[in-house]
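I have placed the structure first, in the form of structure tokens, so that the comments after it can refer back to it.
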2 protein chains.
Amino acid sequence: MVRKQGRPKAGQEALTQEKILRAALALVDRDGVERLSMRRLASELDVDPMAIYHHVASKQALLSGIVDLVFAELQVRPEDGATWQQQIEAFAHAYRRLAMAHPNLVLHLITDAEAGAGAALMANELLYRALAAAALSPQMVVRAGDLIVDFLNGYVLGESTGRLGQPGERGEMLAQLDQQPAGSFPTLRRVFATLRNTDALANFDVELAIVLAGIEVLANRNGAALPE
Amino acid sequence: MVRKQGRPKAGQEALTQEKILRAALALVDRDGVERLSMRRLASELDVDPMAIYHHVASKQALLSGIVDLVFAELQVRPEDGATWQQQIEAFAHAYRRLAMAHPNLVLHLITDAEAGAGAALMANELLYRALAAAALSPQMVVRAGDLIVDFLNGYVLGESTGRLGQPGERGEMLAQLDQQPAGSFPTLRRVFATLRNTDALANFDVELAIVLAGIEVLANRNGAALPE
DNA sequence: ACCTGAACACCGTTCAAGT
DNA sequence: ACCTGAACACCGTTCAAGT
């Protein structure tokens, strides 16, 4: 329990920002953001709590650093022969995979805008390239891009907070519904009646397909494409 | 600063759950969720911090209570002559209005699934009724409903965290872009070049319209509607 | 029954002091 | 230059004590 004071001698590993961020990410992945504290992190690193402040400015900066770290993993290799729909699907899947690799961080991933800003740039470049290939006007490229990002954020947020617990079950909602007076919420009952014990499945892909279909409609309806 | 101890006499207003929740919501609306603490709330109510625990079980329960309170305000009057698109638009606008009335709470509104569960039931009933009217199969009603909710959540989250600060400016992103080496992010530059100083506008409605167009495509493509 | 006040086990962060 | 340790101003929550 006794630690050396002062600068570590050669041979001892020094504390670095990278090492701090990695440890913090591991802690968040394991226990959740709310269990991340400077003091816990320090004890994880076997270091005085205040040592961390020499490498990161504040807890806020620590979290942004983790977000950056995770966003840096986002890589979509642009396939050349792919249609614009396939490009967007590839991006969407990469984004979802990234988010679900760190479910406890999803809220911050989505929310901490100025962290991941660099990654956001790359993400939008990919997205806009695909949308421009769909022959949308610049205005519509931006709107369609925003829509896709909004949808993705909403989806991964729902998924990470366990909106639907397990395949097939729509847990809380069905439970709630069963407590309501008979005759209330008729449409809900009708829909779920035909759905109970239906396997839940590629919801993500279906929702994305609807969005893409909507964008396609707009593309066909809309003359002014991006100038080359 | 000296307060009476024990049960308040007749004539003095007693502390109630309702009063606590209202004060907490006001505090959140004014200062943000992160400034909400039991102790601050108590001092706002001119009461010992621990008095609150007699009416709400924990801070978590307090937050859920606020979320419930806000969701209870969500009311969409179903217009009879409306098309299913108009019904969904009405719902979407009501949801967005609700969220933007309490921007500091949006994250919890979206995230705290088991709070607002009752409101979620009503919301989904409205949504499903509209989608069933679009002649979608039960499976597709659920997917389309989820998509709309995902989109709405993603949108209001972005809007509440100031994704785009003010009309016309895409602040952070443009700033970031200007710092990058020339030639990088070609599509982004091309899109924004034709967009700078274009007024930002009814983005929400455009994004929603794309979603509705996508759902319409699916409705036409898909035979098995809900049985009456 | 309802409110109080001390206490416990935590926080993030500052700052002077060590090596 | 880098790490430590005490200190400050906070937290949420428990529990015994007041009226």
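Just so it is clear, the structure is predicted and the values come from calculations on it, not from any experiment. So you know, we letter chains A, B, ... as the sequences are listed, proteins then strands, and number each from 1.
- The distance between atom CG of B/Asp48 and atom C1' of D/dG12, rounded to the nearest whole Å, is 14 Å.
- Looking at heavy-atom distances under 4.0 Å, A/Arg35 makes no contact with the nucleic acid at all.
- Between A/Leu45 atom CG and D/dT4 atom C1' there is a gap of 15 Å when expressed in whole angstrom units.
- Between B/His55 atom NE2 and D/dT13 atom C1' there is a gap of 17 Å when expressed in whole angstrom units.
- Closest non-hydrogen pair, B/Asp150 versus A/Tyr155, comes out as OD2-CD1, 3.2 Å.
- In this entry D/dA7 has C/dT13 as its Watson-Crick or G-U wobble partner, both defining distances falling under 3.5 Å.
- Per the geometry, NZ belonging to A/Lys59 stands 8 Å off P belonging to C/dT13, to the nearest Å.
- Rounded to whole Å, the C1' atom of C/dA16 lies 15 Å from the corresponding atom of D/dC2.
- Closest of all the heavy-atom pairs between B/Phe91 and B/Leu74 is CE1-CD2, 4.3 Å.
- Here D/dG12 is the nucleotide among D/dG12, C/dG12, C/dC3 with the atom lying nearest to any side-chain atom of B/Met38.
- Between B/Phe204 and B/Phe151, the ring-plane angle classifies as parallel under the 30° and 60° cut-offs.
- Remark: the separation of the C1' atoms in C/dC3 and D/dC15 is 14 Å, to the nearest Å.
- Here D/dG12 is the nucleotide among C/dA6, D/dG12, C/dT14 with the atom lying nearest to any side-chain atom of B/Tyr53.
- In this structure, B/Leu41 atom CG and D/dT13 atom C1' are separated by 15 Å, rounded to whole Å.
- Atom CG in A/Asp46 sits about 13 Å away from atom C1' in D/dC3, given to the nearest Å.
- Of all nucleotides present, only D/dG18 satisfies the Watson-Crick or G-U wobble test against C/dC2, with each distance under 3.5 Å.
- Distance from the side chain of B/Arg39 is smallest to D/dG12 among C/dA6, D/dG12, C/dT13.
- Note: CG (A/Leu15) to P (D/dC3) measures 5 Å, nearest angstrom.
- Each of D/dC3, C/dT14, D/dG12 was ranked by its minimum atom distance to the side chain of A/His54; first place goes to D/dC3.
- With hydrogens and angles disregarded, no donor-acceptor distance shorter than 3.5 Å links the side chain of B/Glu44 to the backbone of B/Leu27.
- Here C/dT13 presents its P atom at 11 Å from CG of A/Leu36, a figure rounded to the nearest Å.
- A/Asp48 and A/Tyr53 form no side-chain donor-acceptor contact under 3.5 Å, judged by distance and modelled atom types alone.
- If you check D/dT13, C/dC11, D/dT4 against the side chain of A/Arg40, the one that comes closest is C/dC11.
- Looking at the side chain of A/Ser58, the nearest of the listed nucleotides C/dG12, D/dT14, C/dT13 is C/dT13.
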